[in-house]
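Below is one structure, written out as structure tokens; comments come after it.
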Amino acid sequence: MATLHLEIVTQERRLYSGDVDMVVAPGSEGEMGILPHHASLLTTLKEGVLRVKHGGTEELFSIGGGFLEVQPDHVIVLADAAEKADEIDIARAEQARERAEKMLKDRPAGANIEEALAALRRAQIRVTVAQRQGVRRRERPEIKSSE
Ligand code: ATP
């Protein structure tokens, strides 16, 4: 079966490099499924979940927006911020979510509401990705992610 070469990079690092069967990305205009031999395109990504399918498995990444370049044989994701599901610190994401919710509730003078909404979306996506991939809270390390 044909595969696609996928690279997921941020300004700081390369998170993923490998051959995959399919990529599902959070395009600005909606979710996009990319299979091998897809038409070339360059588009923007919004914050969301990036799914990578290969060999019957699915890996999840949290993406904070960015760019997507598709060529028939490869896909490059240049993300503003991105984490593999098992790298996500759920406690940190929950704190970020609480901070954003408090900001939206209290609306202090000078508060940047757009930024608070974006922070809330980023936090919710991180929590969703980490939970969906079965990663448990760090304060309970005795629970294995495979359970
Ligand atoms: P916080 O307020 O917790 O910093 P944020 O949404 O403002 O969250 P970003 O600006 O999107 O954070 O990301 C800054 C860096 O921190 C990026 O490298 C990102 O991958 C990483 N990061 C942010 N939140 C988490 C998290 N919950 N777990 C792991 N890495 C994270």
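Whatever order the structure lists ligands and atoms in, that order sets their numbers, starting from 1. Below, each value reflects all heavy atoms present in this structure, side chains not excepted, and no hydrogens, waters or symmetry copies.
- Judged as a salt bridge (charged side-chain N to carboxylate O under 4.0 Å, His left out), not a single pair has a partner in residues 62-74 (not counting sequence neighbours).
- By the 4.0 Å N-to-carboxylate-O rule, R14 lies close enough to E7 to be salt-bridged with it.
- In this structure, the protein non-hydrogen atom closest to atom 17 (C) of ligand 1 is A81 CB, 4.1 Å.
- Taking every heavy atom of A82 and a limit of under 4.0 angstrom, the matching atoms of ligand 1 come to 20 (O).
- Under a 4.0 Å heavy-atom criterion, Q95 is not in contact with ligand 1.
- Nearest non-hydrogen protein atom to atom 2 (O) of ligand 1 is R99 NH2, 2.7 Å.
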Subject >> From CA spacing to verdict: side-chain contact (heavy atoms from CB on, under 4.5 Å), L41, M32 >> reply: CA-CA 12 Å; L41 65 85; M32 302 170 60; 4.0 Å; yes
**OP:** Determine, step by step, whether L68 and L42 satisfy the side-chain contact (heavy atoms from CB on, under 4.5 Å) criterion, reporting the C-alpha distance in whole Å, the side-chain angles of both residues, the deciding distance to 0.1 Å, and the verdict.
**Re:** CA-CA 6 Å; L68 174 76; L42 180 63; over 6 Å; no
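- What sits closest to atom 19 (C) of ligand 1 on the protein, heavy atoms only, is E83 OE2, 3.1 Å.
- The closest protein non-hydrogen atom to atom 8 (O) of ligand 1 is R126 NH1, 3.8 Å.
- Per-atom contact check: atom 10 (O) of ligand 1 does not touch the protein, criterion being a heavy-atom distance below 4.0 Å.
- Residue-level proximity to ligand 1 for E87 is carried by the backbone, the only part with a heavy atom below 4.0 angstrom.
- Counting only heavy atoms of the protein, atom 16 (O) of ligand 1 lies nearest to R92 NH2, 2.9 Å.
- Protein heavy atom at the shortest distance from atom 6 (O) of ligand 1 is R122 NE, 2.6 Å.
- The shortest non-hydrogen separation linking H54 to T57 is O-OG1, 2.7 Å.
- At a 3.5 angstrom cut-off on N or O pairs, D89 counts as close to ligand 1.
- A salt bridge is defined here as a Lys NZ or Arg NE, NH1 or NH2 lying under 4.0 Å from an Asp or Glu carboxylate O, and R122 with E47 fails to meet this definition.
- The residues R13 and E83 are annotated as not salt-bridged, no charged nitrogen and carboxylate oxygen being separated by less than 4.0 angstrom.
- Taking a cutoff of 4.0 Å between a charged side-chain nitrogen and a carboxylate oxygen, K46 and E31 do not qualify as a salt bridge.
- Polar contact check, E12 against ligand 1: no nitrogen or oxygen pair lies under 3.5 Å apart.
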